[in-house]
Amino acid sequence: MGLGYKGDTGHHHTIGENLTNLVEDYPLSNGYFGTKGDSHDNSIRHIKSSNPTTTAKDFYDKAAYGGEESKIFDKKGTFKGATTKMADGTIVTWREVSASDGSPAIDINIMYSKDSCGLKTQKIHFVKE
């Protein structure tokens with residue numbers, strides 16, 4: 001049995017291949033999604049939504065489409081989210097509940113990306129409108 005990619009795509013996608021669909025619903029400005037959060041750190045972002053859990057999952061599914069996905073579980077075996085490695089080296093991680101504030105969160109890590117297409121490393125919290 002061969003390795004499959006998230007969304008049953010025929011090939012391993014880069015983050016750049018997914019940006020077109022992602023920015024249709026989530027505008028990108030200066031390499032960041034959403035608005036600056038309460039932190040002094042510009043890489044901590046907020047996306048407001050009437051349903052943060054659904055919005056976070058939609059964002060993750062679009063960002064991670066065609067990547068190599070691994071599920072995340074805690075020590076007790078409880079599902080916590082997923083992490084996906086893209087073909088360019090970008091890592092996208094979705095957590096149902098962040099440890100910092102309890103909101104759903106997405107991390108985009110471009111440290112190992114060969115071409116991040118202008119994206120910056122960031123943590124996005126999906127918060128109630």
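Keep in mind the model is a prediction, meaning the values are calculated, not measured.
- For the residue pair Y60/T84, the side-chain donor-acceptor check at 3.5 Å is satisfied.
- Looking only at side-chain heavy atoms (C-beta outward), K57 and W94 come within less than 4.5 Å of each other.
- Partners of H11 by side-chain contact (heavy atoms from CB on, under 4.5 Å), not counting sequence neighbours, listed by chain and number: H13, E17.
- Of all the heavy atoms in T55 and I47, the pair that sits closest is CG2-CG2, 4.4 Å.
- Between the OG1 atom in T14 and the CG atom in L19 there is a gap of 8.0 Å [rounded to 0.5 Å].
- Remark: E96 CD to S103 OG distance equals 12.5 Å, nearest 0.5 Å.
- S98 places no side-chain N or O within 3.5 Å of a backbone atom of A105 that could act as its donor or acceptor partner.
- Hydrophobic clustering keeps Y5 apart from I72 (ILVMFWY residues linked when any side-chain heavy atoms are closer than 4.5 Å, directly or through intermediates).
- Between the side chain of H125 and the backbone N or O of H46, no donor-acceptor pair lies under 3.5 Å.
- In this structure, the side chains of I106 and F33 stay at 4.5 Å or more apart for every pair of heavy atoms.
- In this structure, L28 and L119 have side chains that are in contact, with non-hydrogen atoms separated by less than 4.5 Å.
- In this structure, the side chains of T83 and S70 come closer than 4.5 Å at one or more pairs of heavy atoms.
- Of the charged side-chain nitrogens involved, at least one lies within less than 4.0 Å of a carboxylate oxygen, so that K6 and E69 count as a salt-bridged pair.
- In terms of heavy atoms, H12 sits closest to M86 at NE2-C, 3.4 Å.
- One finds the CG atom of N21 at 10.0 Å from the CG atom of D58 (value rounded to the nearest 0.5 Å).
- Cluster annotation: I110 is connected to I15 through the hydrophobic network of ILVMFWY side chains, with a link wherever side-chain heavy atoms come within less than 4.5 Å.
- Among residues at least two apart or in separate chains, salt bridge (Lys or Arg N to Asp or Glu O under 4.0 Å) pairs with a member in residues 20-45 are D25-K62.
- Under a hydrophobic clustering in which Ile, Leu, Val, Met, Phe, Trp and Tyr are joined whenever their side-chain heavy atoms come within less than 4.5 Å, directly or via other members, V23 and I124 fall into the same cluster.
- Legend: residues meeting side chain to side chain donor-acceptor pair (under 3.5 Å) with K128, ordered by chain and number and at least two apart, are absent.
- Between the side chain of D107 and the backbone N or O of K123 there is no donor-acceptor pair closer than 3.5 Å.
- No more than 12 heavy atoms of other residues, nucleotides or ligands shown are found within 6.0 angstrom of OH on Y112.
- Side-chain contact between P52 and V127: absent, with no pair of heavy atoms (C-beta onward) separated by less than 4.5 Å.
- Under the 4.5 Å side-chain criterion, counting only non-hydrogen atoms from C-beta, Y32 is in contact with N42.
- Side-chain N/O atoms of D88 and T90 include a donor and acceptor closer than 3.5 Å.
- Between F59 and Y26, the ring center distance clears the sub-6.0 Å criterion.
- Of all the heavy atoms in V92 and A63, the pair that sits closest is CG1-CB, 4.2 Å.
- Atom OG of S100 sits about 7.5 Å away from atom CD1 of I44, to the nearest 0.5 Å.
- A donor-acceptor pair under 3.5 Å is absent between the side-chain atoms of K48 and the main chain of F126, judged by distance alone.
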